[in-house]
Each structure stands twice: as structure tokens, then as C-alpha cells.
There are 2 protein chains.
Amino acid sequence: MQSMRVQTGATQQAIVTTAGKAFCFAEGLELPGFSMRFDRDEEIFGEGESADFVYMVVSGAARGFRILSDGRRQITGFHLPGDVFGMETRGDHRSSAEAIVDSEIALVRRSAVDRAADADGAAARQLWALTAGDLDRLRDHMMLLGRKCAAERVGSFLLEMARRAPAEHGTQLPMSRSDIADYLGLTIETVSRTLTQLERDRAISIRSARCIVLHDRTALGVAD
Amino acid sequence: MQSMRVQTGATQQAIVTTAGKAFCFAEGLELPGFSMRFDRDEEIFGEGESADFVYMVVSGAARGFRILSDGRRQITGFHLPGDVFGMETRGDHRSSAEAIVDSEIALVRRSAVDRAADADGAAARQLWALTAGDLDRLRDHMMLLGRKCAAERVGSFLLEMARRAPAEHGTQLPMSRSDIADYLGLTIETVSRTLTQLERDRAISIRSARCIVLHDRTALGVAD
DNA sequence: CGTCCCCTTGAGTTATTTCAACACTCGTGG
DNA sequence: CCACGAGTGTTGAAATAACTCAAGGGGACG
């Protein structure tokens, strides 16, 4: 396996342990890149940085977020294995991203993405569809943030995670209560209380803080 | 001027009063289409309908929104003259859109959009950038919905409208309090009370319900 | 076995909602 | 020209969902 030194952002420099791989961004869309390891809570890219790369989770998980000057944080999305993130059509990143747990992240140079889009109309279409899919999911999340009560927010979140991160013995939640709260527009106390209440209602079982079993999907009380 | 009959959706049929025009979707991206008039509160397209057209506001204003089965509504965005909306990469519309006031809307066939994207890489890039721009604005709005208090939401909204719909004698608000509330994730009463309070604080003047003058942009108390 | 971090629980507070009444604006028709 | 009515916006008072502050619990790890 090769090893190379890359400049990934304004400040960061890293030893890349895998080089010359191709990563599947979508059905029939393979892009050349390399993968990097990020520790838990390590920044992947920051708001305002030049968007020289596009990212995909290989293993682990990441959070995308924005922060107000007074520290309030809104998590715009969780990125799980296979998810592409950090793709900008303009020059700079408008949000930040961090690893939630120790993760392996694929990096593809933006120039390579642009080249693929220019060379192949179908590839361009696929990349556009990735962005459009994000837009669609964000509109759903706007409904959650603007119009759903705490119980519905937590219920919707559990259903989303159950769909995206199915595991053998219950749904795994790689993120902390604080991450969940900042994703759902709630406080950690409200998230915790709501989960406890859902367990009392026999809608879920909390095997541990990071592992939940969904029993009764209708009892989650999620409107649609 | 020509006149033609078009099937615009599952049910609607309309007399088109302008045909054969080209509409500017972005810098150097002109697409052939026609324009139609929509009355106040008339549906432009509905959730689940086949997305056969892409739309642009010529004059007037539109709202994009989603509704839960129990009637709760979240407005995902307001569309003002020049704004493109209803562009889907998949087959169906995932949100609805209605005219806020009597409006003239340009319709471009999706097939024409696809053709332009296939033929010209630069056009494809522009269309992708339109979607990416929407995504970016939605992320800002998520911060508003998830983490800002009522006063900040209304303040941010006024700044947004002042930027997008500048007028001679104050900012025009084509939409009702109910629309504003459903955009900001508040109730109409809270929107109304907050505007009154902002006027007491001398941050704005309410010339009429639909026309506001911004005095002191810092007094709007909008964090960033 | 202790310490740290995260999570949970409790009690009191508050921002926003809910419910209800009233005010304004703008057409329409007498 | 004024009365009327419908739709829209404002205001008040009470209710409540979620937040804040504070303390305690439990698991992971050295």
C-alpha cells in the first residue's frame, strides 16, 4: 500500500494510507480518490474553507453543521457509510463537518469531480441528483423543525436511523444526545426524557444509550 | 400573440397567452417556454404530480410548501420574480406550490431542460448550481427553525425580504401572516406580536400589514 | 477503585401557543 | 355616501410544551 502526504485544507496535513482507489458515488459513477482516517470529533472541513474535495463516508459517521456566533449549533445532517457530503458547486464550504466516531473518509478532488461531470453527461446528472436528493431530505427536515413536537421529532429521527443504520440487535446511534438535540432543534434533556417516555409507552427499548430497539412503529406517533 | 391550450398537470388545463418565449434561468442560460397567469391562492403544482415542467416567477410571488396529514403546513420557500422553482431530478414533485398573489409564471418543459443539460455542459453546471443554491439557503433556514427564537426568526425574515424585494417606500410583503408563520415555524399571533414589539423598539415601522420599513438593522437582533 | 464524561431525572421557569375577542380594510350593494 | 360582511390582523389572558438549572446515576477506562 502506498503512502503519501496531502494538503487537505488550510491547516491540516495528513498521511494518506490508501491511494489510487476509486469510490462509488452513485450507480455507475466511480471517482478516483483516496481515503483518510479521522478521529472522533476531528474536523473534516470547516465553514469558509476552500472546497477542494468532495467526501464520502467509508466507515464510521460524520455530522454536518453550522454554528452561530454565540455558539448555538444546528446539525444539518448525519452522514453514514456510503453518503456523499461536502459537495459544493461554489468555491467554499458553507458548513463544517466533523467525524462523530473514528471514521474512514474517502476524499475525491473537486477537479476530478468536475472533470467527470464535463466528460460525461450521465455523470453530471448523477451528481446533480445527489444534490437534489439532499434538498429533498432537507425539506422533510424543515417540516420536522418547524411543525413537529418533541415526541414526533424523536420518533421521526428513530425511524430515519432505523432505516439508514439497521443492525442485528437494534438500531445503532453513533452520535451523542447532544448531536441528536442539535439535529432535532431540542435540548439534550428533552431528547433524553422523550426517549424514556417512548420506552415507558413500550414503543422502544433502550438497550444502551447508543442502541435502541424499535417495537411499535405506530406508537412512535409520527405524522406524515 | 398566439394562444394555445396546454395540459399542465393531472387536472388543470389552461389557455396560454404567451408562447414561444425564452426565459433566462441563469447567467447565459435561456430556455424556451411559455408563461401563464395564476390567480391568488391557485395551485401551480401539487405534491405527487408528475414534474413535467420547471417554473420561474415572472411577476407576482409563489409559495412552496409541504403539508402533514393533519393539516400542519411548512412553507419551504417564497419564490419572487426571477426565482426558479419546482425543478426535480426525479419524476414527481415532492412539494406543492401556489401563487401568493395574482402572478405570471413561466413554464419550461422538463424535456427542454434535460435537452439543454445534455447538449451543453455549462448549462448542466448552471442548473446544478441552482439546486445547490437552494440547498445552501435551506441550511440557513434550518438554523432559523431549529435554533432561533421568535424575535430572531421574524428579524431574519424581514432582512431576507428587504434584500430580495426592495421597494421605494418600504419592504413589500406579498404574503399573509399565516404564510409568514408557516415559513418561520411560528403561529400568526406570535408573528404579529413580534412585529408590534419590533415597532415599539423603533427597529421598524409598519406602514400597513403588507408594507414594513426597516429602520435599525442591528436592533432586529439577528445573530450570525 | 476512582474519575471523567455522558446520560438521566427532578423542579421551577419561560417562551410560545391556544383560545377568545376585538379592530381594521376593502369591496359590495343599498 | 354609508352600512354591511368577510377576510385578515392585532391584542389579551390562560395554558402548556420545552427549556434551564441542578443534582444524581452509570458505564468506560486507566
Side-chain angles (χ1 to χ4, degrees), chain A residues 39-41 63 68 70-74 100-102 144-158 172-201 204-212 221 223, chain B residues 39-41 63 68 70-74 98 100-102 144-158 170 172-201 204-212 221 223:
Chain A
D39 290 337
R40 176 174 184 275
D41 293 330
R63 58 182 164 250
L68 294 180
D70 62 3
R72 280 176 290 179
R73 183 179 69 156
Q74 178 65 44
I100 291 174
V101 294
D102 295 356
L144 179 149
L145 291 172
R147 287 290 173 237
K148 289 187 179 176
C149 69
E152 292 174 309
R153 295 187 197 196
V154 173
S156 298
F157 171 70
L158 290 177
Q172 298 296 320
L173 304 179
M175 67 294 288
S176 67
R177 294 292 183 265
S178 171
D179 286 335
I180 298 172
D182 285 349
Y183 181 55
L184 300 179
L186 299 170
T187 58
I188 53 173
E189 293 95 331
T190 299
V191 171
S192 180
R193 268 187 260 271
T194 304
L195 286 168
T196 305
Q197 187 57 47
L198 285 173
E199 186 169 38
R200 278 202 211 99
D201 297 344
I204 63 173
S205 288
I206 304 174
R207 297 177 78 94
S208 72
R210 306 280 177 115
C211 179
I212 309 274
Chain B
D39 290 337
R40 175 172 184 274
D41 293 331
R63 57 182 163 251
L68 293 180
D70 62 3
R72 280 175 290 178
R73 183 178 70 157
Q74 178 65 43
E98 292 171 350
I100 292 174
V101 293
D102 294 356
L144 179 149
L145 290 172
R147 286 290 174 239
K148 289 186 178 176
C149 68
E152 293 173 308
R153 294 187 197 196
V154 173
S156 299
F157 170 70
L158 290 177
Q172 299 295 321
L173 305 180
M175 66 295 286
S176 68
R177 295 290 183 268
S178 172
D179 286 335
I180 298 173
D182 285 349
Y183 181 55
L184 300 179
L186 299 171
T187 58
I188 52 174
E189 293 94 330
T190 300
V191 170
S192 181
R193 270 186 259 270
T194 305
L195 286 168
T196 305
Q197 188 58 47
L198 285 172
E199 187 169 37
R200 278 202 209 97
D201 297 344
I204 63 173
S205 287
I206 303 174
R207 296 177 78 95
S208 71
R210 307 280 177 114
C211 180
I212 308 273

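A note on names: the letters A, B, ... follow the listed sequences, proteins ahead of strands, and every chain is numbered from 1.
Within the structure, no pair that satisfies the salt bridge (Lys or Arg N to Asp or Glu O under 4.0 Å) test touches residues 188-197 of chain A, not counting sequence neighbours.
Salt-bridge check for B:Asp102 with B:Arg40: failed, with every basic side-chain N at 4.0 Å or more from each acidic carboxylate O.
Evaluation of the side chain to side chain donor-acceptor pair (under 3.5 Å) rule for A:Asp41 yields A:Arg63 as partners, not counting sequence neighbours. Residues forming a side-chain contact (heavy atoms from CB on, under 4.5 Å) with B:Asp201 (at least two apart in sequence, or on another chain): B:Gln197. Legend: residues meeting side-chain contact (heavy atoms from CB on, under 4.5 Å) with A:Ser176, ordered by chain and number and at least two apart, are A:Ser178, A:Asp179, A:Arg210. Taking the side-chain contact (heavy atoms from CB on, under 4.5 Å) definition, one finds that B:Ala209 meets it with B:Arg177, sequence neighbours left out. A search for side-chain contact (heavy atoms from CB on, under 4.5 Å) contacts involving A:Ser156 returns A:Leu144, A:Lys148, A:Val222, not counting sequence neighbours. Scanning for side chain to side chain donor-acceptor pair (under 3.5 Å) contacts around B:Ser205 gives B:His215, with sequence neighbours left out. Contacts of B:Arg207 classified as salt bridge (Lys or Arg N to Asp or Glu O under 4.0 Å), with partners at least two apart in sequence or in another chain: none.
Contacts between chain B and DNA chain D, taken as any atom within less than 4.0 angstrom of a protein heavy atom, begin and end at D:dT8 to D:dA13. Extent of DNA chain C lying under 4.0 Å from chain B heavy atoms, first and last nucleotide in 5' to 3' order, is C:dT16 to C:dC19.
End-to-end axis angle for the helix from C:dC1-D:dG30 to C:dG30-D:dC1, using five pairs per end and rounding to 10°, comes out at 30°.
For the contact set between residues 181-194 of chain A and DNA chain D, defined by any heavy atom under 4.0 Å, the members are A:Gly185, A:Leu186, A:Thr187, A:Glu189, A:Thr190, A:Arg193.
Within the nucleic acid shown, A:Arg40 comes within 4.0 Å of sugar-phosphate atoms alone, with no base atom in reach, counting heavy atoms only. Here A:Thr196 lies in heavy-atom contact (under 4.0 Å) with sugar-phosphate atoms only. Counting non-hydrogen atoms under 4.0 angstrom, B:Arg147 reaches nothing in the nucleic acid.
Looking at heavy atoms from C-beta onward, B:Leu184 lies out of side-chain contact with B:Thr190 at the 4.5 angstrom threshold. In this structure the side chain of B:Leu186 reaches within 4.5 angstrom of the side chain of B:Val154, judged on heavy atoms. At a threshold of 4.5 Å between non-hydrogen side-chain atoms, the residues A:Asp182 and A:Arg72 do not count as touching.
When all heavy atoms are compared, the tightest approach of A:Phe157 to A:Met175 is CZ-SD, 3.8 Å.
In terms of position along DNA chain D, the nucleotide closest to B:Arg200 lies nearer the 5' end than the nucleotide closest to the other residue of the pair A:Arg153 and B:Arg200.
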